[in-house]
Amino acid sequence: MKCLVTGGNVKVLGKAVHSLSRIGDELYLEPLEDGLSLRTVNSSRSAYACFLFAPLFFQQYQAATPGQEALRCKILMKSFLAVFRSLAMVEKTVERCCISLNGRNSRLVVQLHCRYGVRKTHNLSFQECESLQAVFDPALCSHVLRAPARVLGEAVQPFPPTLAEVTLGIGSGRRVILRSYQEEEADRTVKAMVTEMSIGEEDFQQLQAQEGVAITFCLKEFRGLLTFAESANLSLSIHFDVPGRPAIFAIKDSLLDGHFVLATMSESDLRSPELHRLAPPLQAPSTPHLDDFANDDIDSYMIAMETTADIEGSRAVPSVSFSPGHQPPSSPGPYSEDNDTEPSIEPGTPPPKKFRSLFFGSVLAPAHSPPGPSPVLAEDSEGEG
């Protein structure tokens, strides 16, 4: 793989890496025929992010050497982030950026061509890996919001940096409400400050949601995508369903696509009375076959979801699962065996017990995938150098 980025697109690439660094510790890089894919997933499997840069984004783009297969690799996020650590310096001095994969010595070479003939070469070690792919469909979500990223960015600006979760809901008069989420304190005499922002329907390009719906998700990851979309002057679409199902945050341009899939808190965890002041009681779409498992542990939930996917077929929900050809698995994956020990949680990421864990994993390339393998979870970053 070899690609050349020039001009202002170098900074765009750097900002995308900064956004991904808010999610995971490892970066999955995969050259495809329709562009270069950068993906990551957090350690608790509650957040997934992907950027796809179209071939026209690059001055030159070659996914693979003729006659050879394209390499897929993963590298430490902090190693790749160090190349674009100072975006201001990148914008001022870097004229071109050449990225190439060398399979012989397992090196990802990033060369920055700066002003006055200065060249900075970064040789990053990588591991060949299977493709990290999340299967989700925004069209299956009942509710859609779309607005300029600037509008949403201004709305979350008043929230403190230490705030972990935020609630997004539709209030009376079809106003979009963003409220800081606070867990119910054991000591009821201690009252935390609650911040609420209200946005009128006229500020949205699309508002397809009924009054009373609300979801709660991590603010840290949401801010990462907002920062990128705002700098690129893009609109942000939010696709969501009932609480407990993943929310999909999407941006789209002629040169790139971006998707962040974040877990949301289930209704059983939303015990704070403050959340119910957004609007009348939630009026979720009728999905009794899924709501029956709202209080089950995550292993039972996953097994039930997989069984439902087999029976219902086309009614699959926008959860994230892994299988070649985007087909639902026919048997429970190995997650239940690995779920005995809880994964480490990054700062700003809620515990996996509180949020519905998404279905993340790796799939082999279609050409080499045996028929009907069980889903494989993305490897944890612990113990890897």
Side-chain angles (χ1 to χ4, degrees), residues 44-48 134-146 165-172 174-179 181 183 204 206-219 221-222 236-250 259-309 311-321 328 350-360:
S44 61
R45 309 298 190 268
S46 63
Y48 164 88
V135 181
F136 55 89
D137 187 0
L140 296 177
C141 296
S142 303
H143 312 297
V144 182
L145 307 179
R146 185 171 71 249
E165 296 100 24
V166 65
T167 297
L168 171 70
I170 310 299
S172 58
R174 295 184 59 79
R175 296 187 66 85
V176 177
I177 308 297
L178 284 165
R179 179 193 289 270
Y181 174 77
E183 293 184 9
F204 285 81
Q206 182 180 4
L207 179 53
Q208 180 184 326
Q210 57 188 357
E211 292 185 12
V213 298
I215 55 172
T216 300
F217 50 88
C218 287
L219 180 59
E221 289 84 351
F222 180 51
L236 175 66
S237 299
I238 305 175
H239 306 261
F240 64 98
D241 216 319
V242 296
R245 296 192 191 177
I248 304 169
F249 303 80
H259 290 88
F260 279 39
V261 185
L262 307 181
T264 63
M265 298 182 73
S266 60
E267 290 188 22
S268 60
D269 293 312
L270 301 177
R271 301 172 181 173
S272 174
E274 296 292 334
L275 297 177
H276 301 290
R277 297 181 186 177
L278 292 177
L282 298 181
Q283 302 174 357
S286 176
T287 53
H289 64 289
L290 295 179
D291 293 342
D292 292 340
F293 308 103
N295 296 321
D296 292 351
D297 57 60
I298 189 62
D299 290 339
S300 301
Y301 179 75
M302 291 184 64
I303 295 173
M305 286 292 296
E306 291 167 354
T307 305
T308 304
I311 298 175
E312 299 284 331
S314 61
R315 296 183 61 184
V317 298
S319 298
V320 182
S321 60
K353 288 185 178 180
K354 182 186 300 181
F355 278 69
R356 289 297 186 203
S357 183
L358 305 182
F359 301 147
F360 291 111

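Quick note: numbers below take in every heavy atom, side chains included, and nothing from hydrogens, waters or symmetry partners. Computed from a predicted structure; not experimentally measured.
Below 30°, between 30° and 60°, or above 60°: for F217 and F222 the angle between ring planes is above 60°, a perpendicular geometry.
A 4.5 Å side-chain heavy-atom check between I170 and L207 finds at least one atom pair inside the cut-off. Contact check for F249 versus E221: no side-chain heavy atoms found under the 4.5 Å cut-off.
How far CD1 of I248 is from OG of S237: 11.0 Å, rounded to the nearest 0.5 Å. Atoms SG and CG, on C141 and D241 in that order, are 5.5 Å from each other to the nearest 0.5 Å. Taken from CG in L219 to CG in L168, the straight-line distance is 11.5 Å, to the nearest 0.5 Å.
Qualifying side-chain contact (heavy atoms from CB on, under 4.5 Å) partners for V144, counting only residues two or more places apart in sequence or in other chains: Q206, Q208, H239. The ring-ring contact (aromatic ring centres under 6.0 Å, His included) search around F240 returns H143, not counting sequence neighbours. Judged as a salt bridge (charged side-chain N to carboxylate O under 4.0 Å, His left out), and not counting sequence neighbours, the contacts of R174 are E201.
Of the possible donor and acceptor atoms, one in the side chain of T264 sits under 3.5 Å from a partner among the backbone N and O of R245.
Between A214 and P243 the shortest heavy-atom distance is O-CG, 3.3 Å. Across all their heavy atoms, A47 and L262 have their closest contact at CB-CD2, 3.6 Å. Of all the heavy atoms in A250 and L236, the pair that sits closest is O-CD1, 3.4 Å.
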